[in-house]
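Please read the structure below before turning to the comments.
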Amino acid sequence: METPPALPAPALAAPAHLASTPPARRRIVIVGGVAGGMSAAARARRNDEHAEIIVLEQSEHVSFANCGLPYHLSGEIDRRDALLLHTPESLASTLALDVRTRARATAVDPAAQTVTVATPDGEQVLAYDALLLAPGAVAVRPPIEGLDHPAVHALRTIPDVDALRAEVERITAARGAGAEPPRAVVVGAGFIGLEAVEALSARGVAVELVELADHVLPPLDAELAPLLADELTAHGVGLHLGTSAQSIRPAGPAGAPGPSEDDGRVVVALSDGTLLPADLVVVNVGVRPASDLARDAGLELGRGGAIRVDADQRTSDPRIWAVGDAVEVVQAVTGTTGPVPLAGPANRQGRRAADAMTGRRTTPQAPVLGTAIVRVFGLTAAVTGASQAALGRAGIEHEAVHLHPAHHAGYFPGADPIHLVASFGMDGRLLGAQAVGGSGVDKRIDVLATALRAQMTADDLAELELAYAPPYGSAKDPVNMLGFVAQNVLSGAMPQWQAWQLEEAVQTSLVLDVRSAAEVARGHVRGALHIPHTELRARLDEVVAAAAGRPVKVHCASGVRSHLATRILLAHGIDASNLSGGWLTLEAARRATPPHTASPTTPEEPVMCYPVACPTCGKTTWDGCGMHAEDVMSSVEPSQRCTCR
Ligand code: FAD
């Protein structure tokens, strides 16, 4: 057994230059040499120059940028060695760390304070004074037949990305220029799945994306997800939502689509009967905590099998700490517990654990917000805090406000819309926010994440003083606007209704559309009264007559003009409310479940109506709510029929 030179040392050793005798060396052993483990190792060294710090890493690489893997696959990070932030040699020379790769911890004996390690040279037993478990997560293996086929890949490690790149290059070269591109099926449309889709597309691979949930990026609320779906389809990605991969079988002569002999291609069968031919399958359906070592050592586990730790990252054993994807955290807003596999928390936890292990004051772990971001071609999607769905599950009453502001002053060239949703408690407290857009999403979500950490309210957001000049933002930044709108809603100044209440609104209320005639012609709510907001004051009688005592549900394109209209109606004693996010949110939310389009087979009457174009020339259009073009053509007045026929 390899024993540490001296056991145990005081938590706070005297500085070496003041000590009359050489300080005792404590041995800190760290299992896992990437995000959490390596943060802890580096911090522990800075805290304690004299400790013996051994890092055990089962793979060949330590301190690699796993978040950068998709961008090496795409070619944006072209140099592979850019992902390798350190080597055992560089860590030995800069931080005097004893980093052992291909060294897998196989057992921990808390009573004896030892770790058993499997290495290429055989088994070793290491004694420790303090042990940190940072083993990360393991990929979930979904129940798909044929998951062990060589065409099936993961995207978690350097060897994974090497294999994927090599395979794409091999297939592309074998087929030759101008030939059919390689085809990939990506299973799982979470953060890493979407990054894999983007990266493969950048390599010229034709990608089909399969997701069991009914929308891409399941942590995103349903009304934002169609924006990402559009972006994916605009870049040629085939979407298969609400469906699962059932089997992966070699493509062959047995009637399956694909080549006539087994050349490594496969066919992925989906639960809806679709067969997708593929050269590659990338499976990324989530991870689970790598907590087997901890469980076998008798450490307490929490929800989802994650290692239970206290605010200093200490496990149920006083000499063992744990960090990263393997540990249980508390969600800041809902108070639910479970693992949150993100790099930021892992790195901060590593730093905290090092402080705790070396006897320093720690900043106790705060509940986790789950702030995350992903690029999907030209769009960015980001989340922080609790989604509307999570709030619903936790039974937390809230108001969600939807906004579509420009990311900087609208009059400055290049303004991109940001689609923002934020949820507020009935006491005004910000509970969560999500955004999808072209530019400026990252900045807003980071401001909102900071606001969440500071437990800010709608009033606080309204008063935030943020940097502004036309190329960067607006004098009323989108974050301020969220505060303003939430203030109006929560104070009762602007009662609102939500897109998911549309059916009920059509049945029980008068829907008042205050957009321009041109906007209405591009799509409208069935039976809505149309009065542009500029004419509303003069036409209030029409509203009163049409409402016939029913509430008035107002909408415009984004919620801005309808806010004004709602205030006018309320001032005249009319029971009115404003659609949160307007037609833009309505369309996106309706597309989360397919919208009613003009179709004679639609069983119920459609609620959202779109113009129908002449099937011959495509120029003349009619309001064909609920009907096919041919039916519209035969039902309209002869004078209104298309002249092309
Ligand atoms: P890891 O960094 O995974 O390190 C654990 C290490 O422990 C592994 O190297 C493993 O081999 C080793 N190990 C496990 N068991 C043993 C054992 N018994 N003995 C020895 N060694 C062992 N997060 C973000 O916030 N943003 C992103 O953009 C992002 N992108 C990502 C992209 C990809 C492709 C992947 C895979 C992850 C991404 N993540 C991202 C997640 C992030 O990388 C993880 O949350 C983070 O690395 C977790 O840190 P960790 O230290 O817990 O585990």
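Residue numbers start at 1 and run along the sequence shown. Ligands are counted one by one from 1 in listed order, and the atoms in each one are counted from 1 as well. For clarity, every value in this text was computed on a predicted model and none was experimentally measured.
The protein heavy-atom contact nearest to atom 16 (C) of ligand 1 is Q58 OE1, 3.4 Å. For atom 10 (C) of ligand 1, the closest non-hydrogen atom of the protein is E57 OE2, 3.5 Å. At the shortest separation from atom 39 (N) of ligand 1 among protein heavy atoms lies C67 SG, 3.7 Å. With respect to atom 35 (C) of ligand 1, the closest heavy atom belonging to the protein is I192 CD1, 3.4 Å. Here the heavy atom of the protein found nearest to atom 18 (N) of ligand 1 is A105 O, 3.0 Å. Scanning all protein heavy atoms for the shortest distance to atom 24 (C) of ligand 1 gives A343 N, 3.4 Å.
The side chain of A346, and not its backbone, has at least one atom closer than 4.0 Å to an atom of ligand 1 (non-hydrogen atoms only; side chain from C-beta on). For A372, no heavy-atom contact with ligand 1 is shorter than 4.0 Å.
Salt-bridge check for R352 with D355: failed, with every basic side-chain N at 4.0 Å or more from each acidic carboxylate O. Note on D48 versus R360: no salt bridge recorded, every NZ/NE/NH1/NH2 to OD/OE distance being 4.0 Å or above. A salt bridge links R141 with D148; the closest basic N to acidic carboxylate O contact falls under 4.0 Å. Salt-bridge check for R45 with D98: failed, with every basic side-chain N at 4.0 Å or more from each acidic carboxylate O. Under a 4.0 Å N-O distance rule, the pair R79/D81 qualifies as a salt bridge.
Remark: E328 pairs with R308 by the salt bridge (charged side-chain N to carboxylate O under 4.0 Å, His left out) rule, at least two apart or across chains. By the salt bridge (charged side-chain N to carboxylate O under 4.0 Å, His left out) test, E57 is found to be paired with no residue, residues two or more places apart in sequence or in another chain being considered.
Less than 4.0 angstrom separates some heavy atom of L155 from each of these atoms of ligand 1: 34 (C), 36 (C). Residue contact check: L342 has heavy atoms under 4.0 Å from atoms 23 (N), 24 (C), 25 (O), 45 (O) of ligand 1.
Residue A134 places a heavy atom under 4.0 Å from ligand 1.
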